[in-house]
Amino acid sequence: MGARDSSTFVLISPIGKRVLLVFFAVFLVFLYLPTILLVIFSFNDSTVAAFPLDGFTLRWYELSWQTGEIRQSLSASLKVAVASAAIATLLALLGSYPLARRNVRFRPLMSALLLVPLVVPTVVVAVSLLTMFQRGAIPIGLGLPSIMIGHVIIALPFAVLILLPRIASIDRRLEEAASDLGANGLQTFRFVLLPLIFPSIISAFMIAFVFSIDEVVIASFLSSEQPTYPVYLYSGLKFPEKTQALIPVATIMILISFLLAFGAEAIRRYGERKLEGR
Amino acid sequence: MDGHIVLSAVTKAFGDNVVVDDIDLSIAEGEFFSMLGPSGCGKTTTLRMIAGFEVPTLGTVTLQGTDVTTVPPAKRNVNMVFQAYALFPHMTVQENVEFGLKIKKVGRDEVKSRAAEAIRSVQLEGFEKRKPAQLSGGQQQRVALARALVNRPAALLLDEPLGALDLKLRKEMQLELKEIQVRTGTTFVYVTHDQEEALTMSDRIAVMNNGIVEQCAGPREIYEHPATAFVAGFIGTSNLVNMRVDRNAGGCALMDVSEGQRIAALSDQGSGSLQITVRPEKIHLSPEGLGDNASSVGGRIADVVYLGSMTQLIVDLPTGDRLTVHRLNDEAAVADPRVGDTITLHWAAQNSFVIAVGAAGANGGSATAHGAPGDNSEREDPNA
């Protein structure tokens with residue numbers, strides 16, 4: 001793009017463009033450098049995560065695999081993430097359908113209520129759940145089930161944000177057509193609506209999963225003996241001898257989160273397109 | 001009333017908005033019945049009440065002798081072809097067509113054979129594995145038709161099914177729809193705002209406006225004998241003339257426009273006024289063969305529009321009305337008149353359709369005019 005490119009607006013001068021480009025590059029470095037460093041140190045043959053590097057090793061990966069506490073905390077995290085993602089997705093589906101379809105009274109208010117957890121600080125949610133579960137209204141105590149409930153609350157609005165527009169985008173007449181052809185409500189859902197929103201359901205599940213798997217505030221407030229992985233990671237960092245075993249798992253978690261987040265969007269877009277043969 | 005589909009005193013209101021206002025319709029078995037009217041006239045709501053998507057506020061819907069007023073759509077033996085088709089986008093043509101049969105748990109072999117037959121009847125063989133997005137508008141239309149017909153419904157309900165197609169395809173599909181309807185003997189209830197479409201295909205047409213049925217009759221009757229000013233205006237070109245009745249000669253109301261010029265209409269009126277309508281193709285430029293008492297009135301040409309097979313003349317009458325005249329471009333038509341020319345228009349008295357009567361006539365006090373409102377609709381309804 002030269003300076004004489006007539007198709008570009010001249011709102012930004014050529015120098016301004018260069019400044020913006022540099023700014024963007026710095027921004028990317030700022031965003032990804034810590035992650036990249038972590039990946040590098042996970043392969044570094046040294047007990048200290050610092051430069052200069054001392055050569056390549058896989059022994060930290062081996063060590064973390066052999067550490068029982070790490071395996072247990074990972075397993076706890078996975079259980080919480082799968083359960084909370086499944087419940088959040090189901091609740092989001094049940095909440096979105098009537099909002100998208102029926103003439104609900106106070107529809108804007110209802111939508112707002114579903115989305116409020118987006119703006120409530122996580123620490124507030126965590127404290128309120130702590131008081132409620134410990135001695136309050138629902139004294140189920142602390143532990144993985146409580147963390148799971150907290151994660152459902154955090155993930156629900158995101159699942160709604162993915163499902164609601166998709167359901168709303170499906171022509172209501174498709175449901176009328178199914179009903180006209182003899183289908184009852186359940187059959188209409190099973191054969192018409194569900195296949196059409198399935199990519200969005202998977203997408204919502206994956207996003208909710210990613211939210212749960214690296215969530216640390218609620219998990220640390222509500223955990224009892226068995227911590228989830230992020231909580232274990234955070235507490236482990238206080239002990240330098242544990243640090244090197246933690247970095248490889250953190251690296252793998254980053255990878256999984258990236259894959260899931262990108263995968264969720266890809267499934268939603270390409271899944272829908274393929275479904276309709278476009 | 002004894003009929004295949006009967007609507008008795010049906011009213012539908014959404015809140016304070018009365019969309020369908022106390023209508024009665026009786027549709028015979030095997031009939032191609034159209035509901036025609038401008039948007040918002042209540043035709044689609046009426047269709048949706050037959051389908052079961054709307055429950056009437058008042059009145060009853062009877063299907064094959066059974067009251068189905070509150071029966072849900074899934075349990076009614078009618079099927080609908082939706083505006084914009086509403087095909088299931090994730091299913092192939094085959095799966096779309098089979099849907100209704102599979103839901104009804106029809107046997108596997110019968111599903112296959114009936115689907116194949118339906119797909120053949122709409123000429124879509126070879127497209128079974130395609131999805132709707134991979135088909136043209138006309139093909140999607142055919143899938144929608146096959147998906148409904150495969151269930152062998154007592155009646156097929158069509159909601160402006162050709163609205164999304166281009167003109168040429170629409171004309172083809174009109175003939176094809178009619179052909180399918182005749183071949184299968186299925187009752188078609190067809191909603192459209194396109195008067196030409198309704199005239200082309202229908203056995204009978206209910207012209208609707210503001211939630212009421214203005215006229216319900218065969219296409220020819222509707223066109224040639226419009227019962228109300230609305231029908232006259234909505235079907236074909238509106239050619240309204242407001243005539244003052246000066247005298248009556250043997251059942252013919254006459255307005256003496258000037259020396260040798262008059263407007264005539266069959267009516268017992270001897271005074272007062274009449275509102276009449278004349279079809280553009282019934283107006284001639286020569287008085288030959290029109291009989292006595294034919295209208296004969298001079299006018300000034302306001303516009304000349306060449307339309308290929310014919311030329312359309314817009315003529316201002318001394319009554320202040322403006323008439324559209326269609327003139328075939330055959331050998332007889334040597335040169336077109338020009339704007340500003342004065343010509344004399346002629347039409348037979350029986351082609352003046354009285355649609356409104358002003359001020360009661362002196363001639364026996366009878367205000368019953370030929371083709372007056374409420375007259376035609378009842379006389380022409382075969383089920384009445």
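We name chains A, B, ... by the order of the sequence lines, and we start the count at 1 in each one. This one's a predicted model, so the numbers in the text were calculated from it and none came from an experiment.
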Next item on the list: Side-chain contact test, heavy atoms from C-beta onward, threshold under 4.5 Å: evaluate it for Phe53(B) versus Asp180(A) and give yes or no.
Entry: yes
Checklist line | Gap separating the CZ atom of Arg173(A) from the CG atom of Leu87(B), nearest 0.5 angstrom | finding: 11.5 Å
Note to self: Return the CD1 to CG distance between Ile103(B) and Asn184(A), rounded to the nearest 0.5 Å.
What the structure shows: 7.0 Å
Notebook entry, point to check: Would you say Lys79(A) has more than 12 foreign heavy atoms packed within less than 6.0 Å of its NZ?
Noted result: no
Checklist line | Interface residues of residues 68-81 of chain B facing chain A - non-hydrogen atoms under 4.5 Å apart | finding: Pro73(B), Ala74(B), Val78(B), Asn79(B), Met80(B)
Next item on the list: Select one option (side chain, backbone, both, neither) describing which atoms of Gln187(A) are under 4.5 Å from chain B's heavy atoms.
Entry: side chain
Note to self: Within the supplied structure, the quantity of interest is the number of heavy atoms (other residues, nucleotides, ligands) at a distance under 6.0 Å from Arg183(B) CZ; does it exceed 12?
What the structure shows: yes
Note to self: Let me confirm one number: the NZ-CG distance from Lys102(B) to Leu181(A), rounded to the nearest 0.5 Å.
What the structure shows: 13.0 Å
Item checked: Pairwise side-chain contact, Leu174(A) with Tyr85(B), heavy-atom cut-off 4.5 Å (strictly under) -> no
Next item on the list: Evaluate whether atom NZ of Lys104(B) has more than 12 neighbouring non-hydrogen atoms of other residues, nucleotides or ligands under 6.0 angstrom away.
Entry: yes
Notebook entry, point to check: Side chain, backbone, both or neither: which part of Phe88(B) has an atom under 4.5 Å from a heavy atom of chain A?
Noted result: both
Check: Above 12 or not: heavy atoms from other molecules or residues under 6.0 Å from CZ of Phe24(A)?
Finding: no
Note to self: Less than 4.5 Å to any heavy atom of chain A: does that hold for the side chain of Arg147(B), its backbone, both, or neither?
What the structure shows: both
Next item on the list: Mind ranking Pro132(B), Gly52(B), Pro89(B), Ala86(B) by heavy-atom pairs under 4.5 Å with chain A and telling me who comes out on top?
Entry: Pro89(B)
Item checked: Asp21(B) atom CG, over 12 foreign heavy atoms within 6.0 Å -> yes
Next item on the list: Please check if atom CZ in Phe189(A) has more than 12 non-hydrogen atoms from other residues, nucleotides or ligands closer than 6.0 Å.
Entry: yes
Note to self: Looking at His90(B) and Phe191(A), would you say the former's side chain and the latter's main chain have a donor-acceptor pair under 3.5 Å?
What the structure shows: yes
Notebook entry, point to check: When you look at CZ of Arg269(A), are more than 12 heavy atoms from neighbouring residues, nucleotides or ligands closer to it than 6.0 Å?
Noted result: no
